[in-house]
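Heavy atoms only: backbone and side chains are in, while hydrogens, waters and symmetry mates are out.
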Amino acid sequence: MFIILISCLFFSSPTLAGTLIIGDSHVVGPFGEHLHKYFNEVAQENVRTVGLAGGTARSFTDPSEVKRTLSFGFADRKNEKQKTVSGGTKATAPLLSDLLEEEKPQRVIIELGDNFADYKSPNAQSDKTVIAQVKQITETLNKNKFNGKCYWVTPTWTDKANSKPYFKSNMRLTRVIEIIRNEAAPRCQVIDSTTEIGIGENDIKTTSDGLHFDSKNGAKWARGVADRIREIEASTSKSGAKNPAGVK
């Protein structure tokens, strides 16, 4: 059912011909793999997906290559082609501005948050860090005059709170999502992965570190996100059809 519905939507939306997805280790791993497939194979779009494990907004916006380089894992998928770098080897994320210029996407999906949430020891500065990270992305989109659809996918639940080494906390997660929602809008529509994609707190299982997901659970998260985007764009399409001239 999901495949049929999403196919109908995207095949009827020729203006959304390209999707750019960026993010952290979740995009490197199963979540990113499955989300890429949904837009490339099911929706038959041109899709570029870039993930840097350990990545933050700075990893895609800082002019210094050194500051965009980490050694925890990297993936760059372009439709059916894929380049991966395993953990232990340095990899540098491309600038978001360069990706926008190269791909000229009509849809950008950003999955970031876990790496700047400061789960272990949040303090007064932690919220300011989240705000700054979100602004780095939205300001880049604005400077590059990106006028397509933008979605910010928040992190989702952990079922193993405070597990080492990330000490992820659902209480802190809720606060981080609140900040992302406040700061990303109106430039990006925020997709709350804890309340808007049909995944409850007990419906998704992390690996032992309490933060990452195996293929089954990563696919569940990706499917929920893709389905939510489908719903949003279907609703927007219906609204536009009823009011094609923008008359209020």
Side-chain angles (χ1 to χ4, degrees), residues 2 6 19-39 49-57 60 75 107-119 122 126-127 130-131 133-134 137-138 149-163 166-207 209-235:
F2 171 82
I6 197 169
T19 294
L20 171 65
I21 303 169
I22 66 169
D24 50 33
S25 57
H26 298 304
V27 168
V28 175
F31 169 80
E33 292 174 357
H34 288 280
L35 195 63
H36 183 92
K37 287 181 179 179
Y38 290 141
F39 286 99
T49 298
V50 181
L52 182 70
T56 63
F60 293 91
R107 183 193 295 110
V108 171
I109 301 173
I110 298 134
E111 176 283 309
L112 290 169
D114 272 334
N115 290 318
F116 52 77
D118 197 3
Y119 292 119
S126 301
D127 287 2
V130 177
I131 292 171
Q133 289 284 318
V134 176
I137 295 292
T138 56
K149 294 180 179 293
C150 172
Y151 300 95
W152 193 302
V153 179
T154 76
T156 190
W157 304 108
T158 178
D159 62 324
K160 300 177 182 67
N162 300 311
S163 296
Y166 303 107
F167 299 92
K168 186 167 182 176
S169 157
N170 286 331
M171 182 178 295
R172 176 59 183 164
L173 172 64
T174 300
R175 174 58 179 156
V176 170
I177 291 174
E178 179 185 9
I179 298 171
I180 292 174
R181 185 181 296 281
N182 289 338
E183 296 300 322
R187 187 62 199 85
C188 297
Q189 175 144 358
V190 176
I191 296 178
D192 185 339
S193 295
T194 67
T195 63
E196 297 180 10
I197 63 172
I199 294 179
E201 191 169 351
N202 298 316
D203 296 332
I204 191 165
K205 305 297 180 184
T206 61
T207 56
D209 64 17
L211 190 140
H212 293 103
F213 299 96
D214 60 15
S215 183
K216 176 182 177 181
N217 287 279
K220 183 184 293 187
W221 183 15
R223 186 176 302 114
V225 168
D227 200 28
R228 178 60 182 147
I229 291 174
R230 177 189 64 80
E231 291 172 356
I232 292 169
E233 294 182 359
S235 177

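- Counting heavy atoms from C-beta on, the side chains of Val50 and Ile21 never come closer than 4.5 Å.
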Problem set entry | Check against side-chain contact (heavy atoms from CB on, under 4.5 Å), Lys220 and Phe213 | CA-CA 10 Å; Lys220 183 184 293 187; Phe213 299 96; over 6 Å; no
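- Note: Phe31 CZ to Ser25 OG = 11.0 Å, rounded to the nearest 0.5 Å.
- Checking side-chain atoms of Ser163 against main-chain N and O of Lys160 turns up a donor-acceptor pair under 3.5 Å.
- Asp114 pairs by the salt bridge (Lys or Arg N to Asp or Glu O under 4.0 Å) definition with Lys168, not counting sequence neighbours.
- Looking at heavy atoms from C-beta onward, Pro155 lies in side-chain contact with Leu173 at the 4.5 angstrom threshold.
- Between Ile110 and Val153, the closest side-chain pair of non-hydrogen atoms is not below 4.5 Å.
- Trp221 contributes no side-chain N or O that, together with a main-chain N or O of His26, makes up a donor-acceptor pair within less than 3.5 Å.
- Contact annotation: the side chain of Asp24 never approaches that of Val28 to less than 4.5 Å [non-hydrogen atoms, C-beta and beyond].
- Closest approach of Pro30 to Gly218, counting heavy atoms only: CB-CA, 4.0 Å.
- We find the OG1-CD1 distance between Thr156 and Ile204 to be 5.0 Å, quoted to the nearest 0.5 Å.
- For the atom pair NZ of Lys149 and SG of Cys188, the computed distance is 12.0 Å after rounding to the nearest 0.5 Å.
- For the pairing with Thr49, the side chain to side chain donor-acceptor pair (under 3.5 Å) check across Glu111, His36, Lys37 returns one residue only, His36.
- Taking each heavy atom of Phe60 and Gly23 in turn, the nearest pair found is CZ-O, 3.5 Å.
- Each salt bridge (charged side-chain N to carboxylate O under 4.0 Å, His left out) pair with one or both residues in residues 190-205, not counting sequence neighbours, appears once here: Arg181-Asp192, Arg181-Glu196, Glu196-Arg228.
- At a threshold of 4.5 Å between non-hydrogen side-chain atoms, the residues Thr138 and Glu183 do not count as touching.
- Proximity of a side-chain donor or acceptor of Arg172 to a complementary backbone N or O of Ala117 within less than 3.5 Å is detected.
- Annotation: side chain of Thr154 is in contact with side chain of Ser193 (closest heavy-atom distance under 4.5 Å).
- The two atoms that bring Thr19 and Ile109 nearest to each other are CG2-CD1, 4.0 Å, heavy atoms only.
- Annotation: the span from Phe39 atom CZ to Arg230 atom CZ amounts to 11.0 Å, rounded to 0.5 Å.
- Under the 3.5 Å distance criterion, with hydrogens and angles disregarded, a donor-acceptor pair is assigned to the side chains of Tyr38 and Arg223.
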Problem set entry | Asn182 vs Val190, side-chain contact (heavy atoms from CB on, under 4.5 Å): CA-CA, chis, key distance, verdict | CA-CA 9 Å; Asn182 289 338; Val190 176; over 6 Å; no
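- Atoms CD and OH, from Glu233 and Tyr151 in turn, are 3.5 Å apart once rounded to the nearest 0.5 Å.
- Annotation: the span from Asn162 atom CG to Thr158 atom OG1 amounts to 8.5 Å, rounded to 0.5 Å.
- Between Gly54 and Asn115, the shortest heavy-atom contact is C-ND2, 3.2 Å.
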Problem set entry | Verdict with supporting geometry, Ile197 and Ile191, side-chain contact (heavy atoms from CB on, under 4.5 Å) | CA-CA 8 Å; Ile197 63 172; Ile191 296 178; 3.7 Å; yes
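- Thr206 and Asp159 share a side-chain donor-acceptor pair at under 3.5 Å.
- Nearest approach of Leu112 to Gly55, heavy atoms of both residues: CD2-O, 3.8 Å.
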